[in-house]
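Chain A is the first sequence line, chain B the second, and so forth, proteins listed ahead of strands; every chain is numbered from 1.
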Protein chains: 2
Amino acid sequence: MPNNEHDLDNVFQALADPTRRAVLARLTEGPATVSDLAKPFEMALPSFLQHLKVLEESGLVTSKKEGRVRTCEAQMKTLTEAEEWIAHQRAVWEGRLDRLDAYLRSLQSTEKE
Amino acid sequence: MPNNEHDLDNVFQALADPTRRAVLARLTEGPATVSDLAKPFEMALPSFLQHLKVLEESGLVTSKKEGRVRTCEAQMKTLTEAEEWIAHQRAVWEGRLDRLDAYLRSLQSTEKE
DNA sequence: TTCATTGTTAGGCATATACCTAACTAATCA
DNA sequence: TGATTAGTTAGGTATATGCCTAACAATGAA
């Protein structure tokens with residue numbers, strides 16, 4: 001049962017890098033192997049693997065190894081946790097605007113009396 | 001006009017820390033001064049100011065100083081950029097599921113033929 | 001069984017991050 | 001004017017991050 005503060009740290013941290021966002025974007029189109037994922041990037045493979053590790057540790061990606069090939073998959077559930085944190089902030093914000101709006105409307109009604 | 005990769009780096013980076021998320025959550029309820037924002041945290045003020053700086057540089061927070069008091073405000077527009085990146089990934093993912101679903105349905109129709 | 005492919009581990013380096021204390025400026029209050 | 005409040009700047013430390021090369025499995029193909 002995730003969605004604690006520590007998880008969010010790792011999820012947002014994982015998203016804070018263009019390489020990792022690109023990998024995740026690729027994986028939302030479907031699973032892929034490590035070397036397929038690495039291909040578009042110019043960095044050395046061990047460097048790339050570190051990015052994958054960050055993604056896995058955040059829960060945004062899982063992988064399993066068959067033979068010598070590791071296949072990675074996006075975990076949308078984890079991405080959703082991040083999205084929900086943001087959505088909650090928006091809800092609070094909009095609640096505030098609603099109250100402001102209600103206040104302004106209450107002023108108008110008062111004027112009409 | 002923003003929403004380039006570099007901006008997203010900074011936004012997600014800013015969100016990847018519990019102190020900064022707490023500050024932002026506080027600010028979605030309305031503006032607050034630096035020392036009000038700092039009060040709940042045990043860290044030294046200069047440390048806290050660094051977090052504020054990260055939030056400002058990401059565009060998630062703006063501030064203005066009047067007299068000796070600096071007042072901070074959340075910028076939901078910036079938060080929305082992060083939300084939209086995630087939403088886009090979800091759309092791709094769900095598109096994939098839709099196609100899978102369509103494929104499965106096409107198989108069923110084939111079976112019926 | 002030898003070779004190529006696919007990934008992994010170890011270790012090093014430069015910069016960034018997250019914290020601190022000390023000392024400072026600028027505005028307001030008594 | 002002198003003290004207090006609000007914030008800032010400077011500079012130091014420890015750890016984390018993002019990259020690298022070199023060397024090492026382990027699997028699969030010839």
Check the distance between [N]'s [atom2] and [X]'s [atom1] and give it to me in whole angstrom.
{"X": "A/K65", "N": "D/dT27", "atom1": "NZ", "atom2": "P", "result": "8 Å"}
{"X": "B/K53", "N": "C/dA18", "atom1": "NZ", "atom2": "C1'", "result": "13 Å"}
{"X": "A/L55", "N": "D/dG18", "atom1": "CG", "atom2": "P", "result": "11 Å"}
{"X": "A/D36", "N": "C/dG7", "atom1": "CG", "atom2": "C1'", "result": "13 Å"}
{"X": "B/M43", "N": "C/dA18", "atom1": "CE", "atom2": "P", "result": "10 Å"}
{"X": "B/L45", "N": "D/dT5", "atom1": "CG", "atom2": "C1'", "result": "12 Å"}
{"X": "A/E57", "N": "D/dG18", "atom1": "CD", "atom2": "P", "result": "12 Å"}

Hey, does [Y] have a side-chain heavy atom less than 4.5 Å from the side chain of [X]?
{"X": "B/L37", "Y": "B/F48", "answer": "yes"}
{"X": "B/V61", "Y": "B/Q75", "answer": "no"}
{"X": "A/M43", "Y": "A/T19", "answer": "yes"}

Distance below 4.0 Å between [X] side-chain N/O and [N] OP1 or OP2:
{"X": "A/T19", "N": "D/dG18", "answer": "no"}
{"X": "A/H51", "N": "D/dC19", "answer": "yes"}
{"X": "A/S35", "N": "C/dG7", "answer": "yes"}

- Message: I'd like to know if B/R68 reaches the base of C/dA27 with its side chain, counting only an N/O donor and acceptor under 3.5 Å.
- Response: yes

- Message: So B/S47, base contact, sugar-phosphate only, or nothing? Heavy-atom distance under 4.0 Å.
- Response: base

- Message: Students often mix this up, so state it plainly: with edges at 30° and 60°, are the rings of B/W85 and B/F12 parallel, tilted or perpendicular?
- Response: perpendicular

